[in-house]
There are 2 protein chains.
Amino acid sequence: MEGKDLRKAGLKVTLPRLKILEILESSTTRHLSAEDIYRTLLEGNEDIGLATVYRVLTQFEAAGLVTRHHFEDGMAVFEINHGTHHDHIVCLDCGRVEEFMDSGIEERQTSVAQRLGFTIRDHSLIMYGHCRRTNCAYRKKKAS
Amino acid sequence: MEGKDLRKAGLKVTLPRLKILEILESSTTRHLSAEDIYRTLLEGNEDIGLATVYRVLTQFEAAGLVTRHHFEDGMAVFEINHGTHHDHIVCLDCGRVEEFMDSGIEERQTSVAQRLGFTIRDHSLIMYGHCRRTNCAYRKKKAS
DNA sequence: TACCTTATCGCGAATCGTCCGCAGCTCGCG
DNA sequence: CGCGAGCTGCGGACGATTCGCGATAAGGTA
């Protein structure tokens, strides 16, 4: 049934695209890097190249299926679009990402853009801070 | 006189650092990439390596002299800190960047963070849209 | 359903932004 | 003015992302 989504987006339904879409949808972590997805594919014994993962993600982004985020650690992460917009707050200690939506902020953004003579198309709001989790003392290292 | 700023930041006053600081301060474009700065140095016949530019910019950032931004085009840009915090709105057509500050947005951000149990340290808000400039029809290409 | 056109894929190599390692050079305290 | 820590330039390394190309598969068509 996801094939419909792809077709609606003007993309051929191919195995790589289905698999990647599936991974994005079923992952517990909402934000995946291209490498994350590639690794998951390998674990599932799918014979899909890393270049294809990047190509597909770029196409998905253009089609509005996913959103690409650039958090502060250099590499892009991707997240499925489930219709509802939201912003992010990232813990600098453990790397956890929370999502939130504040209509007040959204409204003010629109009015600021209007005041400056911009037709707003998109925006990215990311806050960085420290969360109060008990187990959040450790620094998340790349090799987790 | 800028030497003072450097010394206060715990950095030796060296020629590369002074030159780079000068470029950041005098540029009409407020947001410069490492390459931009490097190119400017070359044009001024300064014998300064690209690696040094990156090192210096990183030190400046750590010292709070500049802020590093990641707009959507993959490479980092740097901006002098003149004390006042502000956010950005980027025109998707001409690449122009406007700055703004809205205390309402700032306040709501703080309260959202608090509600989520985060101690906020920093944030990045970037809006993308189309500006209404008359001469904004053209697309800014890398080779300008 | 078999065929044909064309988009897509996998692979390896290339590119891009950024950073590291090291030998030589400078800054600035004494 | 001399010395040592800190800085620099260079070239190469590095990770993330993209390109080029021959091989392959998707899906409209007859």
Side-chain angles (χ1 to χ4, degrees), chain A residues 2-21 23 31-42 44-63 65-66 68-78 141-144, chain B residues 2-23 31-42 44-63 65-66 68-78 141-143:
Chain A
E2 296 91 350
K4 274 277 184 283
D5 297 332
L6 291 177
R7 201 147 3 221
K8 187 159 29 169
L11 297 169
K12 268 192 188 173
V13 180
T14 67
L15 193 140
R17 306 222 249 241
L18 281 173
K19 285 297 174 190
I20 292 173
L21 193 54
I23 289 173
H31 304 89
L32 298 172
S33 69
E35 282 282 342
D36 290 336
I37 293 172
Y38 180 56
R39 219 174 313 114
T40 307
L41 286 168
L42 290 187
N45 276 84
E46 298 294 341
D47 193 15
I48 293 176
L50 180 54
T52 299
V53 174
Y54 277 102
R55 273 188 295 238
V56 169
L57 287 172
T58 302
Q59 292 157 350
F60 281 8
E61 187 192 15
L65 294 178
V66 305
R68 183 193 303 250
H69 299 289
H70 290 99
F71 295 156
E72 290 208 331
D73 44 17
M75 92 194 132
V77 293
F78 298 82
K141 281 292 139 206
K142 305 221 163 183
S144 58
Chain B
E2 298 88 351
K4 273 279 183 285
D5 298 331
L6 291 176
R7 203 149 1 223
K8 185 156 34 164
L11 298 169
K12 268 192 188 173
V13 180
T14 68
L15 193 140
R17 307 222 248 241
L18 280 174
K19 285 296 175 192
I20 292 174
L21 194 53
E22 187 184 318
I23 289 173
H31 304 89
L32 299 171
S33 69
E35 283 281 342
D36 291 336
I37 293 172
Y38 180 57
R39 219 175 312 115
T40 307
L41 287 169
L42 291 186
N45 276 87
E46 297 294 339
D47 191 16
I48 293 177
L50 180 55
T52 299
V53 174
Y54 277 102
R55 274 187 294 238
V56 168
L57 286 172
T58 302
Q59 292 157 351
F60 282 5
E61 186 191 16
L65 293 178
V66 305
R68 183 193 304 250
H69 298 289
H70 290 97
F71 295 157
E72 289 206 332
D73 44 17
M75 95 194 129
V77 292
F78 298 82
K141 282 291 139 207
K142 305 221 164 182

Grab the [atom1]-[atom2] distance between [X] and [N] for me, whole Å please.
X: A:Leu42; N: C:dC11; atom1: CG; atom2: C1'; answer: 14 Å
X: B:Leu57; N: C:dG17; atom1: CG; atom2: C1'; answer: 13 Å
X: A:Asp73; N: D:dC14; atom1: CG; atom2: P; answer: 20 Å
X: B:His70; N: D:dA16; atom1: NE2; atom2: P; answer: 14 Å
X: B:Leu6; N: D:dG6; atom1: CG; atom2: P; answer: 17 Å
X: A:Arg68; N: D:dT18; atom1: CZ; atom2: P; answer: 6 Å
X: B:Arg39; N: C:dC16; atom1: CZ; atom2: P; answer: 13 Å
X: A:Ile37; N: C:dG10; atom1: CD1; atom2: P; answer: 14 Å

Matching residue for B:Leu15 among B:Ile20, B:Ile48, B:Asp47 - test: side-chain contact (heavy atoms from CB on, under 4.5 Å): B:Ile48
Do the side-chain N or O atoms of A:Tyr54 get closer than 4.0 angstrom to the phosphate oxygens (OP1, OP2) of D:dT18? no
With a 3.5 Å distance limit and no angle check, can you tell me whether B:Arg17 reaches the backbone of B:Lys12 through a side-chain donor-acceptor pair? yes
Are side-chain heavy atoms of B:Leu6 and B:Leu65 found at a separation under 4.5 Å? yes
Between protein and nucleic acid, restricted to nucleotides 7-11 of chain D and to nitrogen or oxygen atoms under 3.5 Å apart, what atom pairs and distances do you find?
{"from": "D:dC7", "atom 1": "OP1", "to": "B:Arg17", "atom 2": "NH2", "distance (Å)": "2.8"}
{"from": "D:dC7", "atom 1": "O5'", "to": "B:Arg17", "atom 2": "NH2", "distance (Å)": "3.2"}
{"from": "D:dT8", "atom 1": "OP1", "to": "B:Thr14", "atom 2": "OG1", "distance (Å)": "2.9"}
{"from": "D:dG9", "atom 1": "OP1", "to": "B:Asp47", "atom 2": "O", "distance (Å)": "2.7"}
{"from": "D:dG9", "atom 1": "OP2", "to": "B:Gly49", "atom 2": "N", "distance (Å)": "3.1"}
{"from": "D:dG9", "atom 1": "OP2", "to": "B:Thr52", "atom 2": "OG1", "distance (Å)": "2.3"}
{"from": "D:dG9", "atom 1": "N7", "to": "B:Arg55", "atom 2": "NH2", "distance (Å)": "2.7"}
{"from": "D:dG9", "atom 1": "O6", "to": "B:Arg55", "atom 2": "NH1", "distance (Å)": "3.3"}

How long is the straight-line distance from CG of B:Leu21 back to CG of B:Asp5, given to the nearest 0.5 Å? 6.5 Å
About how many Å separate CZ of B:Arg68 and CD of B:Glu61, when rounded to the nearest 0.5 Å? 4.5 Å
Counting only pairs under 3.5 Å, give me each side-chain donor-acceptor contact of residues 34-42 of chain A, with atom names and distances, residues two or more places apart or in other chains.
{"from": "A:Asp36", "atom 1": "OD1", "to": "A:Ser33", "atom 2": "OG", "distance (Å)": "3.4"}
{"from": "A:Asp36", "atom 1": "OD1", "to": "A:Arg39", "atom 2": "NH2", "distance (Å)": "3.3"}
{"from": "A:Asp36", "atom 1": "OD2", "to": "A:Ser33", "atom 2": "N", "distance (Å)": "2.9"}
{"from": "A:Asp36", "atom 1": "OD2", "to": "A:Ser33", "atom 2": "OG", "distance (Å)": "3.1"}
{"from": "A:Thr40", "atom 1": "OG1", "to": "A:Asp36", "atom 2": "O", "distance (Å)": "2.8"}

